[in-house]
Amino acid sequence: MSSTVLVLSYKRRTSPPTISHSFKPKPTPFSSVFSPLCFSLIFLCWVEEMKVEGKRYALFLAARDSDYVKKVYGGYFNVFVAAFGEEGERWDLYRVVDGEFPDLKDLHNYDGFVVSGSPYDAYGNDFWILELCFLLQTLDAMEKKVLGICFGHQVLCRALGGKVGKAYTGWDIGLRKVRIVKDLSACRFLEDSEEIPPFLSIIECHQDEVWEVPVGAEVIAFSDKTGVEMFTIGEHIMGIQGHPEYTPDILCNLIDRLLNNDAIERGFAEKAKLTMEIAKPDRKRWEKICRSFLKGT
């Protein structure tokens with residue numbers, strides 16, 4: 001089962017999206033005989049409803065909401081929709097980390113999917129991770145748009161035949177400059193790539209990485225820390241190791257939690273926070289890249 005919501009309207013990047021639970025009235029029994037006028041009116045109403053709903057997307061949430069994100073943003077779902085969503089779209093939430101997955105028969109109803117980050121290992125064998133891998137293989141076979149973020153980037157790679165594991169150089173936390181490859185001709189969704197500078201800053205928080213991309217994949221970004229910062233497969237698969245949806249305050253809170261759990265040392269935490277005081281992430285450009293990929297615009 002899923003937690004389904006319908007995005008009605010919101011102001012981008014200025015406030016959390018205004019969302020309401022989708023509501024569909026129960027169908028009214030009709031006579032077995034329709035007049036042509038009645039049928040035409042019903043068809044026109046159906047067409048108008050489809051126009052109102054617009055495109056439909058789903059977030060596969062692979063992490064549980066932190067207290068901070070729930071208090072400030074209402075949950076990670078709102079963070080993703082604020083970054084990648086647009087007015088008139090429908091976004092559904094599946095908490096895959098808790099075993100919530102869509103029915104396979106419903107996958108064709110979606111225009112695209114986003115797989116979030118997670119504290120879990122993409123190479124782990126938890127049942128929900130294995131089920132997610134199978135689902136991603138299915139979506140790849142259907143050539144559905146799938147965007148993987150951090151853990152999502154890694155689990156996409158694993159599901160489609162690549163290799164992932166612990167990063168050879170350890171944790172990468174803070175702001176990182178990512179180099180975009182010069183030739184993006186294979187990415188038609190980035191036709192205006194002349195607007196993308198050779199380097200983009202992005203928030204990172206990971207200790208795992210992609211070791212080897214799947215057969216047929218193209219590495220389109222790398223950094224001095226991580227060899228595969230972005231990869232694509234055709235026009236329907238894209239993985240990003242960093243967090244284009246994160247704001248600096250979300251990362252700072254996450255750093256504090258990692259420090260309190262003895263996952264990182266204090267000196268390392270302070271250096272990670274310092275990177276965000278020196279510079280800012282290129283969030284607008286990353287959001288544009290992600291939206292262009294998901295929507296082909």
Side-chain angles (χ1 to χ4, degrees), residues 1-7 19 21-27 46 49-50 52-65 75-77 80-81 84-86 88-118 120-164 189 210 213-217 231-240 245 290-291 293-296:
M1 298 297 291
S2 69
S3 304
T4 305
V5 296
L6 174 63
V7 177
I19 54 179
H21 290 282
S22 60
F23 173 73
K24 297 286 185 181
K26 293 182 179 179
W46 176 80
E49 182 180 359
M50 293 300 102
V52 170
E53 288 196 358
K55 292 188 175 183
R56 186 178 180 184
Y57 299 92
L59 172 66
F60 296 153
L61 190 59
R64 296 180 179 88
D65 293 324
Y76 284 119
F77 178 74
F80 276 95
V81 175
F84 305 149
E86 294 178 318
E89 296 173 349
R90 172 173 174 168
W91 281 75
D92 295 344
L93 170 62
Y94 294 94
R95 297 182 183 274
V96 293
V97 69
D98 293 323
E100 292 180 2
F101 288 86
D103 291 331
L104 295 181
K105 62 181 176 59
D106 294 330
L107 297 179
H108 70 280
N109 293 323
Y110 290 93
D111 294 284
F113 302 83
V114 178
V115 189
S116 79
S118 176
Y120 290 83
D121 296 327
Y123 47 85
N125 290 319
D126 304 69
F127 183 77
W128 70 269
I129 295 177
L130 299 179
E131 188 172 358
L132 178 59
C133 286
F134 172 77
L135 177 58
L136 295 176
Q137 291 167 357
T138 302
L139 293 174
D140 175 51
M142 297 172 69
E143 294 194 351
K144 284 289 186 179
K145 296 264 189 176
V146 183
L147 170 63
I149 304 296
C150 197
F151 166 90
H153 161 87
Q154 297 161 12
V155 80
L156 255 179
C157 179
R158 174 194 178 178
L160 302 184
K163 294 180 180 180
V164 298
F189 60 90
V210 169
V213 295
V215 174
F231 77 91
T232 59
I233 299 178
E235 293 291 310
H236 65 289
I237 299 291
M238 184 166 75
I240 301 176
E245 83 287 6
C290 294
R291 289 196 306 271
F293 166 76
L294 286 171
K295 298 148 199 203

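Values below: every heavy atom of this structure, side chains too, minus hydrogens, waters and symmetry copies.
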| request: Verify side chain to side chain contact (heavy atoms under 4.5 Å, CB included) between L104 and F134, making sure each step is shown before the conclusion. | output: CA-CA 11 Å; L104 295 181; F134 172 77; 4.1 Å; yes
| When rounded to the nearest 0.5 angstrom, what distance separates CZ in F151 from CD in Q154? | 8.0 Å
| message | Does K145 qualify as a cation-pi partner of Y57, given the criterion of NZ or CZ under 6.0 Å from the six-membered ring centre and within 45 degrees of its axis? | response | no
| Is there a side-chain contact between R95 and D65, using heavy atoms and a 4.5 Å cut-off? | yes
| remark: Heavy atoms of E89 and K295 approach each other most closely as OE2-NZ, 3.0 Å
| field | Point-to-point distance, once rounded to the nearest 0.5 Å, from CE of M142 to NE2 of H236 | value | 11.0 Å
| field | Side chain proximity check, C290 to I240, heavy atoms < 4.5 angstrom | value | yes
| message | Set out, in order, the CA-CA distance, both residues' side-chain angles and the distance that settles salt bridge (Lys or Arg N to Asp or Glu O under 4.0 Å) for D106 and R56, then state yes or no. | response | CA-CA 11 Å; D106 294 330; R56 186 178 180 184; over 6 Å; no
| said: Testing the basics here: between S118 and A63, what is the closest heavy-atom pair and its distance to 0.1 Å? | reply: CA-CB, 4.1 Å
| remark: What one should report as the nearest heavy-atom pair of F77 and W91 is CZ-O, 3.6 Å
| task | Of all the heavy-atom pairs spanning H153 and G239, show the shortest one and how long it is. | result | ND1-C, 3.0 Å
| If we only count heavy atoms from C-beta on, is the L93 to Y76 side-chain gap below 4.5 Å? | no
| said: Please give me the minimum heavy-atom distance between I233 and A217, naming the atom from each residue. | reply: CG1-CB, 3.7 Å
| field | Heavy-atom check, side chain of L130 versus side chain of N125, under 4.5 Å | value | yes
| message | Which heavy atom of K144 sits nearest to which heavy atom of I237, and what is that distance? | response | O-CD1, 4.5 Å
| message | For V115, run the side chain to side chain contact (heavy atoms under 4.5 Å, CB included) check against L135, V96, L132, L139 and tell me which one passes. | response | L132
| query | At what distance, to the nearest 0.5 angstrom, does OG1 of T232 lie from CG of L147? | reply | 12.0 Å
| What is the ring orientation for Y94 with Y110, classed by angle as parallel under 30°, tilted 30 to 60°, or perpendicular over 60°? | perpendicular
| said: Working note: C157 + F231, criterion side chain to side chain contact (heavy atoms under 4.5 Å, CB included); need CA distance, chi angles, decisive distance, verdict. | reply: CA-CA 9 Å; C157 179; F231 77 91; 4.1 Å; yes
| said: Donor-acceptor pair, distance only, cut-off 3.5 Å: does the side chain of S116 make one with the backbone of A62? | reply: yes
| note | The reported gap from NZ in K163 to OH in Y123 (rounded to nearest 0.5 angstrom) is 15.0 Å
| task | Would you indicate whether the side-chain heavy atoms of M238 and L294 approach each other to under 4.5 Å? | result | no
| Hey, is the main chain of F80 close enough, under 3.5 Å, to the side chain of E245 for a donor-acceptor pair? | no
| request: Give the intermediate values and the outcome of ring-ring contact (aromatic ring centres under 6.0 Å, His included) for residues F60 and F113. | output: CA-CA 7 Å; F60 296 153; F113 302 83; 5.4 Å; yes
| query | Got a donor-acceptor contact below 3.5 angstrom from the R158 side chain to the G124 backbone? | reply | yes
| task | To the nearest 0.5 Å, tell me how far D98 CG sits from E100 CD. | result | 6.5 Å
